[in-house]
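Remarks on the structure that follows.
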Amino acid sequence: MEDLSGVGIHVNGIVQGVGFRPFIFGLAHKYELTGWVRNTSSGVDIELDGPKNKLESFIQSLDTEAPPLAYIDEVKIQWKLPNGYSHFQIEHSETVQDAFQPISPDVSICPDCLREMFDPSDRRYKYPFINCTNCGPRFTIIKDIPYDRPKTTMAPFEMCVDCAREYADPLDRRFHAQPIACPVCGPQVWLEFKMGSNGGVDPTNPIEKTQGLLKEGKIVAVKGLGGFHLACDATNQAAVIELRSRKLRVDKPFALMMANTETIEKYCDLNDEERKLLESPSRPIVLLRRKPGTDIALENAPGQDYLGVMLPYTPLHYLLFDTREFDALVMTSANLSEEPIVTTNETARDRLVDLADAFLMHDRDIHVRCDDSVVRVYKNNIFPIRRSRGYAPFPVYLSGTPPVILACGAELKNTFCITRGNYAFLSQHIGDMENLETLESFRHGITHFEKLFRIKIEAIAYDKHPDYLASRYALDRVEREAIPGIGVQHHHAHIASCMVENRLPSEKPVIGVAYDGTGYGEDGTIWGGEILLADLLSFDRIAHLKTIPLPGGDLAVRQPWRIALAWLDAAGVEWDEYLPAVKWIMAQPGLLKNFKTQLKTGLNSPKTSSMGRLFDAVSALAGVRHDVNYEAQAAIEFEALADTTEMGMYEFSIIGKEIDPSPLFHQLTEDIKIGLPLPNISAKFHNGVADMTAKICTIVRKERGIDQVTLSGGVWQNITLLRSTLEKLENNGFQVFIHKVVPSNDGGLAIGQAMIAAAQITSQ
Ligand code: ZN
Ligand code: ZN
Ligand code: FE
């Protein structure tokens with residue numbers, strides 16, 4: 001008889017609702033150990049007896065064999081004398097007051113469920129809500145913790161005998177799968193037509209009929225995991241154009257869903273990392289370089305060389321593609337203009353009545369709105385653009401334990417963030433806070449997180465912009481609840497968010513290169529081309545793009561010709577008709593006169609050092625576009641043109657704190673005059689900005705001895721600029737940090753706000 005030992009193990013992280021206890025059960029059997037496992041409100045507790053070497057193997061397997069959705073943050077081990085257990089069992093959950101734990105994001109259907117769904121002999125054959133312990137909805141159906149069926153939107157569906165048996169069997173792959181369902185007891189889908197046309201509800205063969213409608217070129221609203229999509233055949237040009245006109249969306253790209261990666265390869269270039277990401281359980285939209293000359297309608301993404309593509313992620317999506325009637329569907333968020341994505345059947349019937357020809361609905365409620373995530377792959381890493389479904393509310397792990405802080409985020413692409421323990425819970429995408437519906441969604445989201453994670457807010461961080469709705473919400477709460485409020489400068493927050501996700505020490509300054517569209521500056525001007533020396537506590541604005549007037553303010557963001565002419569003025573370049581933007585304005589004498597007055601008087605012309613606006617200006621001058629109909633369109637289309645083999649570059653002058661692109665405008669206009677092709681012009685501009693960035697960092701390193709650089713802000717979504725800048729910085733011996741967890745744009749801002757507030761509170 002071997003000597004027995006005892007061990008107590010506590011596991012923290014995402015370990016509930018992910019098949020962790022059955023996994024422990026199986027592992028204990030494998031190593032012939034006795035004892036028990038149970039969920040607690042803060043994780044999982046395990047007690048074991050057995051030979052020491054087998055206990056050690058068990059502990060090692062915890063890490064190496066954990067179920068796919070589990071995320072182990074911490075394992076605490078306490079060796080002890082054996083307790084004398086005779087067998088292994090799963091014990092009842094223990095509730096600890098106020099304890100909390102992370103919640104799993106929604107997870108795409110797993111290979112096992114997919115196989116069953118297409119197996120004619122399976123009792124869930126073609127059942128659109130099939131799921132198991134390893135897959136299915138989570139975050140979007142959970143109303144409260146602990147994660148149990150009565151606290152989800154599955155509560156109204158009473159399990160049938162067969163489902164109940166699977167649910168109760170520790171060796172079944174649906175053991176304690178809270179959303180477990182089958183055709184007998186679970187949710188159902190149906191097809192609905194607009195009342196008045198061919199009227200009413202059609203419960204028979206809804207999926208086949210939807211396929212038929214899509215094939216005919218119709219637009220169908222499809223209820224998904226975190227909201228409705230508007231779907232149409234992406235290879236049907238007329239359907240795509242019709243969807244654009246109904247949605248009043250001129251050029252902003254549509255996301256596409258394609259049947260599988262083989263299909264995606266027909267239309268896009270795909271490397272191994274991109275394939276992995278597409279197939280990952282998060283199933284994000286991945287930006288992929290489109291192949292020329294395919295039959296994906298160009299209207300899906302006008303002026304772009306990338307397509308946003310995702311794979312099916314719910315069983316319902318897989319069923320839609322099952323006949324291979326179409327290769328690709330447009331799957332764009334179903335909403336009116338910039339309102340939040342529609343989640344309830346009632347709202348869909350009401351708000352989408354003029355957008356969709358039919359509705360593929362179901363009766364499992366969506367408790368939490370959650371848009372699709374958007375990412376791209378850069379240097380084998382994920383580079384997030386929108387972090388939402390499949391990622392939120394997965395926490396960002398912090399190296400310390402800040403106070404409990406709510407950070408309210410920005411105006412556009414809003415997300416909020418709440419810290420608790422060593423977690424930062426960054427919310428799903430809330431959207432552009434430009435209407436009451438989005439503000440409501442923001443409020444609800446915060447209330448839900450407070451409840452879900454047992455939060456008692458101790459302080460609130462917010463952007464210093466006085467007009468942001470999120471900041472007003474913050475100030476209002478600060479006053480009402482008499483808790484500290486901490487205003488955080490926009491670009492400091494960008495740099496901090498990059499520091500935090502890279503786990504850089506909070507008190508060691510870095511060179512923060514914040515290139516951005518719009519952010520409220522400490523001096524009341526609009527910042528956005530900022531070189532900061534920053535740690536989490538404070539920052540120094542050590543250099544910035546030259547500040548010039550932005551005639552028309554917000555209007556100039558939509559009309560880049562304005563900033564183009566303003567920059568010509570600032571750089572002392574004549575407005576000459578060989579420049580497309582100038583020719584265009586000359587043809588409109590009324591507009592020209594007003595604009596000149598505005599420029600002269602400074603009326604409604606806020607001052608800005610925005611890098612985003614510089615991109616707009618150069619794009620407009622080069623003739624890419626005078627007006628835009630979605631954010632950053634001019635810059636995105638200008639980037640798409642760049643010929644990456646072009647080595648030339650435009651120059652900036654750096655004098656003291658000021659980065660002046662005047663030389664650039666002289667060289668650029670010369671190139672336009674001699675008819676240099678746009679791809680070369682675009683490349684020379686991108687190279688120039690990268691080179692200027694490396695130069696300014698070198699100056700700072702010389703003066704301050706700092707060689708760590710963080711790149712953050714919306715402009716870094718420009719991958720051509722990012723690539724070129726990284727190369728130049730790294731060739732010059734800098735250690736460069738970029739985003740891999742949260743977006744570099746305003747969608748990642750809140751986590752930076754939270755950690756700056758934390759640093760300020762702790763330093764007091
Ligand atoms: Zn599954
Ligand atoms: Zn059932
Ligand atoms: Fe920003």
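In what follows, residues are counted from 1 in the order of the sequence shown. Just so you know, ligand 1 is whichever comes first in the structure, and atom 1 is the first atom listed for that ligand.
- The angle subtended at the Fe ion (ligand 3) by NE2 of H490 and NE2 of H494 is 90°, given to the nearest 10°.
- Ring pair Y127/F129: centre-to-centre distance below 6.0 Å.
- Counting only protein atoms, the N, O or S atoms lying less than 2.8 Å from the Zn ion (ligand 2) are C160 SG, C163 SG, C182 SG, C185 SG, ordered by chain and residue number.
- Looking only at distances, no side-chain donor or acceptor of T152 sits under 3.5 Å from a matching main-chain atom of I142.
- Looking at S724, its side chain never comes within 3.5 Å of a backbone N or O of L721 through a donor-acceptor pair.
- The aromatic ring centroids of H367 and F139 lie 6.0 Å or more from each other.
- If you look at F615 and H686, their ring centroids are closer than 6.0 Å.
- Both the sub-6.0 Å distance and the 45° axial angle are not jointly satisfied by R472 relative to the ring of Y462.
- F394 has its ring centre no less than 6.0 Å from the ring centre of Y391.
- The name of the N, O or S atom in D516 nearest to the Fe ion (ligand 3) is OD2.
- Not one N or O on the side chain of Q633 forms a donor-acceptor pair closer than 3.5 Å with the backbone of E631.
- For Y313 and H317, the distance between ring centers is under 6.0 angstrom.
- Annotation: F539 is in aromatic contact with H492 [ring centroid separation under 6.0 Å].
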- Message: Using the rule given for side-chain hydrogen bond (donor to acceptor under 3.5 Å, both in side chains), can you reason through Q178 versus Y167, listing the C-alpha separation, both sets of side-chain angles and the distance that settles it, and then say yes or no?
- Response: CA-CA 8 Å; Q178 306 302 343; Y167 182 88; 2.7 Å; yes
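- Nearest N, O or S atom of D746 to the Fe ion (ligand 3): atom OD1.
- Distances under 2.8 Å from the Zn ion (ligand 1) pick out the protein N/O/S atoms C110 SG, C113 SG, C132 SG, C135 SG.
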